[in-house]
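Take a look at the structure below.
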Amino acid sequence: MSVDARMRFENYVVGAANKMAVAAARAVTQAPGLSYNPLVLYGASGVGKTHLLQAIGNAIQESQPTLRVEYLTLDDFVGQLHDAVAAAETDRFKQRWGRVDVLLLDDIQFLTERRETQSELLRLLEALQGTGRQIVMTSDRPPAEIADVDRRLITRLSGGLGVDIGAPDYETRVAILRAKCEERGVELGPGVVEEIGRVEAGNVRELQGLLNRIVAFQSLGDEPVRADDVLTLLDDVPDAHAAAGADAPAPATASLDFQSFLSDIASAVAEHVEGWKSRVHESVSGWKTAGYRTAALERLLDEPAPPANFEAVLRGFGATVRRLKELETEAVAADPALAGHEVFRDPERLRDAEAMVQRARAGAVELPGPSVEFSRAGLEVGKGNQLAVRAADAVAAEPGRRYNPLVIVGPKGTGKTHLLNAIGNELLNVSGGAATVACVTGQQFTDEFIAALRDGTVEQWRRRYRRVDALLMDDMEVVAGKERTQDEVFYLFNDLVSAGKQLVFTADHSPKELNGLDERLRSRFEGGLVVEVTPPDQAMRQQLYRRFLDGVAGEQLEALAAYLASRPAASVAELLDTVHRLTQSADAAGTTLSVDAAKREFDPPELAAAPIPTPATAAPAVRAASDVFFLDDEKVVWEWRDVASRLIEELG
């Protein structure tokens with residue numbers, strides 16, 4: 001793997017925390033193999049180790065172009081070693097790496113429990129050092145603290161120079177921010193950069209993420225950001241609160257479920273139809289419940305009179321669905337990742353499904369793409385999601401160049417899934433369908449990886465995702481805590497970003513708040529732009545109700561939407577439930593939708609407290625009930641207030 005030409009000493013900001021590391025790195029470039037061999041740069045994720053490592057490679061290639069410089073991560077090294085063993089080409093592997101003049105190896109902390117790799121790396125280090133060739137490595141900890149590593153290898157690594165790179169101090173943070181602004185051509189107001197620098201970011205990626213947020217507020221907002229606004233705009237960052245001397249607010253919690261309201265409301269609002277339309281409508285409802293798209297049947301409902309062949313259309317639709325089920329079974333046998341693919345849910349895409357099965361059999365497996373149900377035009381925009389939508393539009397216009405990665409956070413039901421898929425659809429539209437866009441949930445990605453491990457197809461699965469132009473991952477919080485899946489996301493992230501591909505993620509909490517999220521992933525997410533979406537406010541609720549009730553409420557639409565929006569709602573799903581309840585109540589009563597009907601349904605008058613029955617009033621009620629339910633007088637219980645008088649009457 002070649003070094004990234006963008007990572008150079010010229011754009012690497014030097015401060016107190018990395019000064020010694022930079023000096024050692026420059027010494028290595030001036031005399032490769034003669035000083036500090038090996039050189040090990042270690043520090044927390046995001047402090048600039050990879051940048052400095054590749055800056056060494058670029059400097060050596062410029063000053064001594066005849067030297068062979070190789071950069072790769074430890075994971076790449078392991079993969080190549082395994083491939084060589086599987087192909088019985090270990091000798092070629094050793095010869096290839098034995099010819100390298102400068103070896104730059106990233107992330108050696110993953111040597112843990114890899115005995116075969118440790119042995120091969122030890123042999124390679126001995127060969128390179130013995131012939132005076134340079135080795136530079138990075139790690140997130142000193143070599144001696146890497147668990148379960150051969151002591152001979154630790155001794156070899158410790159025989160050179162290990163240099164710690166710490167978190168940037170205030171002056172370095174400000175210098176980095178100014179360099180980033182100059183690099184991107186961004187102009188911020190007086191004191192803004194200094195205010196951002198006051199936030200004690202733990203690493204450079206996090207610092208870049210803070211800058212991205214301020215730039216986003218300024219470029220996507222209506223007016224420039226002032227210095228006094230910075231800490232307010234970063235109020236969800238704990239270190240920003242520390243800088244401002246305030247406590248961080250507790251994160252909002254909610255359990256929301258955002259659905260595609262257009263399809264849901266279509267099935268929820270009852271249609272009063274008769275005859276043949278009733279049969280078609282039943283068929284539409286049944287197939288929708290089963291998860292199939294029914295556009296072909298819905299077009300029948302637009303006909304003023306029953307088509308002569310409508311029953312044949314219904315039978316043909318069922319036959320097509322059965323064929324799609326057969327095709328899905330064949331596709332899943334070739335590639336388990338295709339289970340549930342949307343092409344097998346649309347009878348009008350039968351040819352596409354057949355073509356997909358052929359590609360699956362040939363190994364060209366289709367990646368999960370964005371859902372066409374979630375379009376940019378169908379997304380309601382309000383105060384709670386305005387910034388996120390503008391950032392999404394910027395990403396769709398310039399993929400891989402603006403806000404990479406873009407991380408959209410917020411409670412479930414705030415529209416993150418809709419926005420994520422809308423970005424994917426816009427990327428496809430802009431490219432004329434030429435772009436390869438993968439849109440996958442965190443759970444789906446995890447399940448695919450597990451299936452690939454089980455079936456021995458991990459390399460094929462990895463290649464599928466590395467050929468995308470954009471990766472969109474929904475519900476990233478699912479991956480947190482899953483160590484091996486996070487490893488896959490980490491290496492996929494690095495490969496795609498290095499190739500200039502766009503990444504977008506959604507999660508229910510910010511990266512800082514995701515329990516179990518690997519620190520190296522956390523720093524990379526924070527190095528992009530993290531934007532929040534919140535539950536719909538009253539204005540957004542009114543927009544949604546207006547859309548839900550359009551064509552149903554008639555002249556009462558605006559008044560009814562305003563009334564319903566004034567009622568608190570915890571989620572968009574709750575708004576849909578409100579519409580369902582109201583329409584069903586109106587149907588049962590045989591009335592039209594109106595504000596008065598809604599008030600009767602949701603704000604009924606309090607019932608007057610019923611009087612407590614006394615024995616005198618209860619007895620007639622008991623007798624009346626007895627007359628209805630008992631025909632045999634001997635089984636009727638009569639209540640008499642004067643028992644003595646009753647005995648005299650019976651005995652007299």
Side-chain angles (χ1 to χ4, degrees), residues 6-7 11-13 46 48 51 168 170-241 243-244 381 383-410 419 423 426 470 497 500-506 510-512 522-534:
R6 297 171 298 177
M7 297 186 180
N11 57 8
Y12 189 83
V13 178
H51 188 147
Y170 170 77
E171 291 80 6
T172 305
R173 293 196 296 270
V174 172
I176 291 172
L177 290 168
R178 288 175 178 168
K180 292 293 182 183
C181 288
E182 182 178 351
E183 177 183 318
R184 297 170 56 178
V186 173
E187 293 186 8
L188 297 175
V192 172
V193 168
E194 288 73 13
E195 283 298 306
I196 302 174
R198 288 180 59 196
V199 180
E200 295 184 5
N203 57 60
V204 178
R205 291 196 190 97
E206 183 179 339
L207 187 65
Q208 183 172 322
L210 299 178
L211 176 63
N212 283 342
R213 292 186 61 178
I214 296 302
V215 172
F217 276 114
Q218 177 165 290
S219 62
L220 303 177
D222 298 324
E223 56 185 24
V225 174
R226 298 174 302 175
D228 294 341
D229 300 329
V230 171
L231 296 181
T232 301
L233 295 176
L234 301 178
D235 64 351
D236 62 329
V237 180
D239 292 328
H241 282 274
V381 182
K383 183 178 179 181
N385 66 357
Q386 186 177 39
L387 182 62
V389 172
R390 291 183 178 180
D393 289 342
V395 163
E398 298 182 77
R401 300 177 61 188
R402 301 274 300 275
Y403 316 132
N404 196 20
L406 173 63
V407 183
I408 305 168
V409 301
L419 184 54
I423 293 172
E426 286 299 302
V497 169
K501 308 299 179 63
Q502 180 66 52
L503 294 102
V504 186
F505 299 89
T506 75
S510 69
K512 280 182 175 294
R522 193 190 312 275
S523 69
R524 279 162 173 77
F525 291 153
E526 291 171 349
L529 174 63
V530 181
V531 289
E532 182 182 11
V533 291
T534 58

Looking at [X] and [Y], what are the two nearest heavy atoms and their distance?
{"X": "A391", "Y": "L406", "value": "CB-CD1, 4.1 Å"}
{"X": "A388", "Y": "E532", "value": "CB-O, 4.5 Å"}
{"X": "R198", "Y": "R173", "value": "O-NH2, 4.1 Å"}

Which distance, rounded to the nearest 0.5 Å, do you find between the [atom1] of [X] and the [atom2] of [Y]?
{"X": "D393", "Y": "I423", "atom1": "CG", "atom2": "CD1", "value": "8.5 Å"}
{"X": "H51", "Y": "M7", "atom1": "NE2", "atom2": "CE", "value": "6.5 Å"}
{"X": "R401", "Y": "Q502", "atom1": "CZ", "atom2": "CD", "value": "11.5 Å"}
{"X": "I176", "Y": "Y12", "atom1": "CD1", "atom2": "OH", "value": "8.0 Å"}

Run the numbers on E206 and R522 for salt bridge (Lys or Arg N to Asp or Glu O under 4.0 Å), then give the verdict.
-> CA-CA 9 Å; E206 183 179 339; R522 193 190 312 275; over 6 Å; no
With a 4.5 Å heavy-atom cut-off, do [X] and [Y] have their side chains touching?
{"X": "V409", "Y": "T506", "answer": "no"}
{"X": "L529", "Y": "V531", "answer": "yes"}
{"X": "V389", "Y": "L419", "answer": "yes"}

Donor-acceptor pairs are to be reported for all side-chain atoms of residues 177-193 against protein atoms at under 3.5 Å, with residues two or more places apart or in another chain.
unit_1: R178; atom_1: NH2; unit_2: E194; atom_2: OE2; d: 2.4
unit_1: R184; atom_1: NH1; unit_2: N212; atom_2: OD1; d: 2.5
unit_1: R184; atom_1: NH2; unit_2: N212; atom_2: OD1; d: 3.4

Taking the side chain from N404 and the backbone from K501, do they hold a donor-acceptor pair closer than 3.5 Å?
->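 Yes; judged by distance alone, with no hydrogens or angles, the pair exists.
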Okay, side chain of N385, backbone of T534: is any donor-acceptor separation there less than 3.5 Å?
->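 No; zero donor-acceptor contacts below 3.5 Å.
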In terms of ring plane angle, is the pair F505 and F525 parallel, tilted or perpendicular, where the classes change at 30° and 60°?
->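 Ring orientation, 0 to 90° scale: tilted.
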